[in-house]
S.K.: 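The structure is given below, and queries will be raised subsequently.
Numbers here simply count residues along the sequence, with the first being 1.
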Amino acid sequence: MSSFDGVTIRPAVLDDGDALARLHVDSWDESYAHLVPEKVRAEREEHLAERIEVWREMVALHDRTLVVEAPEGLVGFAGAGEPDELGLPLLALYVRAHWWGTGLGHLLLQATIDEAPSYLWVLEANKRAIRFYEHHGFHPDGAAEDAEEGLHIRMVRP
């Protein structure tokens with residue numbers, strides 16, 4: 001689908017299930033190590049086998065998950081849901097920490113939702129992610145949800 005310095009952005013396939021689950025846990029931990037209690041992060045690791053099954057089901061049922069493949073394996077992923085009254089929901093966008101600031105997140109966002117009216121939920125304490133989404137035209141709309149890892153705010157892009 002797209003290339004970037006030896007990296008390819010492509011649709012996820014069923015065989016990506018194991019690597020996606022591992023990437024999700026690892027990149028979540030990298031993103032939230034200083035924002036989310038260790039107990040919450042540890043529980044995600046403890047349930048890796050269940051996450052693998054969830055990822056296999058998601059990839060089998062949905063065609064809106066993209067992965068970033070590099071020579072060392074999967075280094076990022078993003079997924080969108082079905083459009084609704086607010087637009088196209090961005091369900092996830094993660095890139096391994098050593099790829100932060102390279103422009104890969106921007107390419108992955110473009111490949112996933114392009115310029116469509118969209119929205120997402122982001123951890124309020126995750127200022128780096130909020131700045132990233134603001135740079136791409138998103139802004140908080142005032143909606144918020146409490147979750148185990150903290151308060152999530154909704155950001156929208158008309």
Side-chain angles (χ1 to χ4, degrees), residues 1-17 19-32 35-36 44 51-70 73-158:
M1 181 175 237
S2 181
S3 291
F4 176 78
D5 291 341
V7 173
T8 302
I9 297 174
R10 63 168 174 78
V13 296
L14 201 53
D15 286 345
D16 291 327
L20 265 167
R22 177 84 262 155
L23 173 62
H24 194 190
V25 169
D26 290 349
S27 60
W28 202 88
D29 197 46
E30 291 170 352
S31 296
Y32 302 123
L35 303 174
V36 174
R44 295 174 68 80
R51 290 189 165 283
I52 290 170
E53 289 308 312
V54 168
W55 270 109
R56 286 181 181 160
E57 290 174 22
M58 284 177 36
V59 170
L61 296 174
H62 305 289
D63 61 351
R64 294 183 183 266
T65 300
L66 299 177
V67 295
V68 181
E69 187 168 26
L74 297 185
V75 297
F77 71 94
E82 293 296 324
D84 59 28
E85 67 279 353
L86 290 176
L88 190 61
L90 181 65
L91 303 176
L93 190 150
Y94 289 94
V95 175
R96 287 200 179 269
H98 65 274
W99 287 93
W100 293 351
T102 66
L104 190 58
H106 167 76
L107 290 178
L108 186 55
L109 181 68
Q110 290 300 111
T112 306
I113 61 172
D114 197 23
E115 297 298 322
S118 307
Y119 68 97
L120 57 94
W121 292 90
V122 62
L123 189 62
E124 182 184 46
N126 193 345
K127 302 304 182 195
R128 183 187 55 79
I130 290 170
R131 283 190 307 273
F132 172 83
Y133 291 122
E134 286 175 338
H135 178 76
H136 290 90
F138 289 86
H139 64 274
D141 72 350
E145 287 183 347
D146 241 342
E148 183 180 28
E149 62 271 10
L151 186 67
H152 287 195
I153 60 171
R154 186 170 62 196
M155 298 183 76
V156 298
R157 182 180 71 185

S.K.: Show the nearest heavy-atom pair for residues Pro158 and Gly137, with the distance to one decimal.
M.R.: CD-O, 4.4 Å
S.K.: Rounded to the nearest 0.5 Å, what separates atom CG in Leu66 from atom CD1 in Ile9?
M.R.: 7.5 Å
S.K.: Output the distance between atom CD (Glu57) and atom CG (Leu14), rounded to the nearest 0.5 Å.
M.R.: 10.5 Å
S.K.: Are the side chains of Leu91 and Arg64 in contact, using a 4.5 Å heavy-atom criterion?
M.R.: no
S.K.: Kindly determine whether Val68 and Trp99 satisfy side chain to side chain contact (heavy atoms under 4.5 Å, CB included), including the steps that lead there.
M.R.: CA-CA 11 Å; Val68 181; Trp99 287 93; over 6 Å; no
S.K.: Can you tell me which residue pairs pass the ring pair (Phe, Tyr, Trp, His ring centres under 6.0 Å) test with a partner in residues 74-93, sequence neighbours excluded?
M.R.: His24-Phe77, Trp55-Phe77, Phe77-Tyr94
S.K.: To the nearest 0.5 angstrom, please state how far the CG atom of Leu123 sits from the CZ atom of Arg128.
M.R.: 11.5 Å
S.K.: For Ile153 and Val122: C-alpha separation, side-chain torsions, deciding distance, then whether side chain to side chain contact (heavy atoms under 4.5 Å, CB included) applies.
M.R.: CA-CA 6 Å; Ile153 60 171; Val122 62; 3.7 Å; yes
S.K.: Is the closest basic N to carboxylate O distance between Glu134 and Arg131 below 4.0 Å?
M.R.: no
S.K.: Who pairs with Pro117 by side chain to side chain contact (heavy atoms under 4.5 Å, CB included), at least two apart in sequence or on another chain?
M.R.: none
S.K.: List for me each residue that meets side-chain hydrogen bond (donor to acceptor under 3.5 Å, both in side chains) alongside Asp16, sequence neighbours excluded, and say none if there are none.
M.R.: Arg10
S.K.: First locate atom CZ of Phe132, then atom CG of Asn126, and finally report the distance between them rounded to the nearest 0.5 Å.
M.R.: 11.5 Å
S.K.: Crowded around His139 NE2? As in, over 12 foreign heavy atoms under 6.0 Å?
M.R.: yes
S.K.: So Ser118 and Tyr133, side chain to side chain contact (heavy atoms under 4.5 Å, CB included) or not? Walk me through it.
M.R.: CA-CA 11 Å; Ser118 307; Tyr133 291 122; over 6 Å; no
S.K.: Report the distance from atom CZ of Phe138 to atom CG of Leu120, rounding to the nearest 0.5 Å.
M.R.: 5.0 Å
S.K.: Atom CE in Met155, atom CG in Leu90: separation rounded to 0.5 Å?
M.R.: 11.0 Å
S.K.: Could you note down all residue pairs passing salt bridge (charged side-chain N to carboxylate O under 4.0 Å, His left out) where residues 92-114 supplies at least one of them, sequence neighbours left out?
M.R.: Asp26-Arg96, Glu30-Arg96
S.K.: Which atom pair, heavy atoms only, marks the closest approach of Gly79 to Thr112?
M.R.: C-CG2, 4.0 Å
S.K.: Using the side-chain hydrogen bond (donor to acceptor under 3.5 Å, both in side chains) criterion, which residues pair with Arg154? Sequence neighbours excluded.
M.R.: Asp141
S.K.: Between Leu104 and Leu108, is a side chain to side chain contact (heavy atoms under 4.5 Å, CB included) present by the stated rule, with each step listed?
M.R.: CA-CA 6 Å; Leu104 190 58; Leu108 186 55; 5.6 Å; no
S.K.: Does anything in residues 104-127 form a ring pair (Phe, Tyr, Trp, His ring centres under 6.0 Å)? List the pairs, not counting sequence neighbours.
M.R.: His106-His136
S.K.: If I compare all heavy atoms of Ala144 with all of Leu151, which pair ends up nearest, and what's the gap?
M.R.: CB-CD1, 3.8 Å
